[in-house]
2 protein chains.
Amino acid sequence: MSASPERREELLATAAEVFAAQGYDATTVRKIADAAGMLAGSLYYHFDSKESMLDEILSTFLDELWARYDAVLAAGLGPRETIEALVTESFREIDGQRAAVAIYQRESKHLARHARFGYLAGSQQKFEKAWLGTLERGVAAEVFRADLDIRLTYRFVRDTVWVAASWYRPGGQHSPEEIARQYLSMVLEGVALRT
Amino acid sequence: MSASPERREELLATAAEVFAAQGYDATTVRKIADAAGMLAGSLYYHFDSKESMLDEILSTFLDELWARYDAVLAAGLGPRETIEALVTESFREIDGQRAAVAIYQRESKHLARHARFGYLAGSQQKFEKAWLGTLERGVAAEVFRADLDIRLTYRFVRDTVWVAASWYRPGGQHSPEEIARQYLSMVLEGVALRT
DNA sequence: CTCCTTCCCTAACAAGTGTTTGGTAGGTTA
DNA sequence: TAACCTACCAAACACTTGTTAGGGAAGGAG
């Protein structure tokens, strides 16, 4: 009935890898079991459904992410510094939880409809409030441009950060901090050469 | 045995909507048939498999996209104007083929492994050659910054454009051209206020 | 040695999957 | 009228899906 937490985490990690590579619906419990070196039915000693594995992967990821974000938001930084810190923390999260981020990116939109994953919609709202609020604060403080549609800017910044999970591989030539630095430089200053 | 091309297109359009909303693997042929007002087996009068529907949706989309891109690349524009034209054409394509773009965005990565969808990988290479080449040309001509990792810049520009398909809805308050204009302004000039 | 817990296997289940086969209503052509 | 074609339905097929029930090997505790 009960199982050791370490084994659960191991199995969740391999399940997350398979989910990220193939997509949740295309992933069968037999594929997960194969990757874990056991048979399909044995997974049900540790988890009570395929859906609950997904649930645990996503909620663990979001808990960790919001711990980072809340710390940044509570630091009382200026708007530009807040954006910089949020982007940097996001890339650190992508670095540490690549699979979970990729799953979230791919599945959260249609999962949010289901009651069990309602917290995804809640998280998305907190997300929007944090980013959009910081951007508006920056426009008011005259550190960000006022001539842009602010919601378009929000989606632009949000998406450019998180899509990176689709190509990022840990251990590459750039550290998460270096990627964050260059991304921020492009978003804030643009790619065109100043004349 | 044979079927009218108009009916095929109608059915492919509804299939694309369902694929885009639910994901390819989560979409059953019965759901497609429901949306089309017929029974599952009847689809096989028009198509010989679920996979061939996906194939036709994606290849039609890519053909149309490359017709636009090739016209831009053949126009002999400067690097900055080429980027501007490519982005604008991309948003026009998102406007006209929202469902197909969303499917492509979501499924192309793991589909490219299958032999039948090898053209997806080919298209991705052409894609990289066109965008990366233009960016390098712009760095050489001193219209784009030289202090950024050029491949990072490429992925940044590419992703910011195409992720828009996940939230874009035709008939919104901004036309594709207006969205392209603001996106280009952010990518090229940045969101920070110049002092 | 015996009991008990942990962790996995074996074997099967019902429901759902993509697909096929044969039939048929209704319009078009000869 | 008779033959034919188009576009669909009805019913089933083999297979895969997530999930469950019972059993057993290994090892620690008494």
Side-chain angles (χ1 to χ4, degrees), chain A residues 1-59 99 103 106-107 110-111 113-117, chain B residues 1-59 99 103 106-107 110-111 113-117:
Chain A
M1 269 291 179
S2 62
S4 84
E6 299 86 21
R7 189 63 177 137
R8 280 181 73 90
E9 279 189 47
E10 272 184 41
L11 293 173
L12 280 179
T14 69
E17 290 297 331
V18 185
F19 285 154
Q22 325 235 359
Y24 175 74
D25 290 292
T27 298
T28 71
V29 293
R30 283 163 180 81
K31 285 182 191 167
I32 301 176
D34 277 359
M38 51 197 264
L39 291 182
S42 307
L43 287 171
Y44 289 80
Y45 172 75
H46 300 274
F47 309 96
D48 44 57
S49 72
K50 177 189 173 188
E51 196 180 73
S52 76
M53 297 189 215
L54 178 63
D55 194 351
E56 195 164 335
I57 290 170
L58 291 178
S59 57
I103 297 168
R106 184 188 162 109
E107 316 284 355
H110 68 276
L111 279 181
R113 292 178 204 135
H114 292 63
R116 175 169 196 173
F117 294 93
Chain B
M1 270 293 179
S2 63
S4 85
E6 299 86 23
R7 189 62 177 137
R8 279 181 74 90
E9 281 189 45
E10 272 184 43
L11 292 173
L12 280 179
T14 69
E17 290 298 331
V18 185
F19 284 154
Q22 325 236 358
Y24 174 75
D25 290 290
T27 299
T28 71
V29 293
R30 283 163 180 72
K31 284 182 190 168
I32 301 176
D34 278 359
M38 52 196 260
L39 292 183
S42 308
L43 286 171
Y44 289 80
Y45 172 74
H46 299 275
F47 310 97
D48 45 55
S49 74
K50 178 189 173 189
E51 195 181 74
S52 76
M53 297 189 216
L54 178 64
D55 194 350
E56 194 164 335
I57 291 170
L58 291 179
S59 57
I103 298 167
R106 187 188 160 107
E107 316 283 354
H110 69 277
L111 280 181
R113 293 180 204 135
H114 292 62
R116 175 169 195 172
F117 295 92

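Small disclaimer: the values here were computed from a predicted structure and weren't measured. Residue numbers start from 1 in every chain, and the chains themselves are labelled A, B, ... in the order their sequence lines are given, proteins ahead of strands. These values consider heavy atoms only, across backbone and side chains, with no hydrogens, waters or symmetry-generated copies.
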query = Is any side-chain heavy atom of A/Arg106 less than 4.5 Å from a side-chain heavy atom of B/Arg106?
reply = yes
request  = Report yes if a side-chain nitrogen or oxygen of B/His46 is closer than 4.0 Å to either non-bridging phosphate oxygen (OP1 or OP2) of D/dT6; otherwise report no.
outcome  = no
message = What is the separation between atom CZ on B/Phe47 and atom P on D/dT6, rounded to the nearest whole Å?
response = 16 Å
task = Can you check whether any acceptor in the base of D/dG18 is under 3.5 Å from a donor in the side chain of A/Arg30, or vice versa?
result = yes
message = Here's a test of your reading of the structure: between A/Met38 and B/Lys50, which maps to the more 5' nucleotide of DNA chain C?
response = A/Met38
query = Roughly, in whole Å, what's the span from CD in B/Glu51 to C1' in C/dT17?
reply = 15 Å
key: Minimum side-chain heavy-atom gap A/Glu107-A/Leu58 below 4.5 Å   = no
Gap between atoms CG and P, on A/Leu43 and D/dT17 respectively (whole Å) = 14 Å
note = A/Arg8 atom CZ is separated from C/dT6 atom C1', nearest whole Å, by 15 Å
task = Determine: side-chain N/O of B/Tyr44 to OP1/OP2 of C/dT19, distance under 4.0 Å, yes or no.
result = yes
task = Pick base, sugar-phosphate or nothing for A/Ser52, based on heavy-atom distances below 4.0 Å to the nucleic acid.
result = nothing
task = Rounded to the nearest angstrom, tell me the gap between atom CD in A/Glu9 and atom C1' in C/dC7.
result = 18 Å
ask   = How far does CG of A/Asp25 sit from NZ of A/Lys50, to the nearest 0.5 angstrom?
value = 6.0 Å
key: B/Asp34 CG - D/dC9 C1' separation (whole Å)   = 14 Å
request  = Would you please confirm or rule out a distance under 4.0 Å between OP1 or OP2 of D/dC8 and any side-chain N or O of B/Tyr45?
outcome  = no
A/Leu54 CG to D/dG18 P, straight-line distance once rounded to whole Å = 13 Å
ask   = Quick one: B/Leu39 CG to D/dC9 P, roughly how many Å, whole number?
value = 4 Å
ask   = OP1, OP2 of D/dT6 versus side-chain N and O of B/Ser4: anything below 4.0 Å?
value = no
key: Pairing residues for A/Phe117 by the ring-ring contact (aromatic ring centres under 6.0 Å, His included) criterion, not counting sequence neighbours   = none
message = The criterion is side-chain hydrogen bond (donor to acceptor under 3.5 Å, both in side chains); which residues satisfy it with B/Asp34, sequence neighbours excluded?
response = none
query = Can you check whether A/Arg7 has a side-chain N or O nearer than 4.0 Å to OP1 or OP2 of C/dC8?
reply = yes
A/Ser42 side-chain N/O to C/dC9 phosphate OP1/OP2 under 4.0 Å = yes
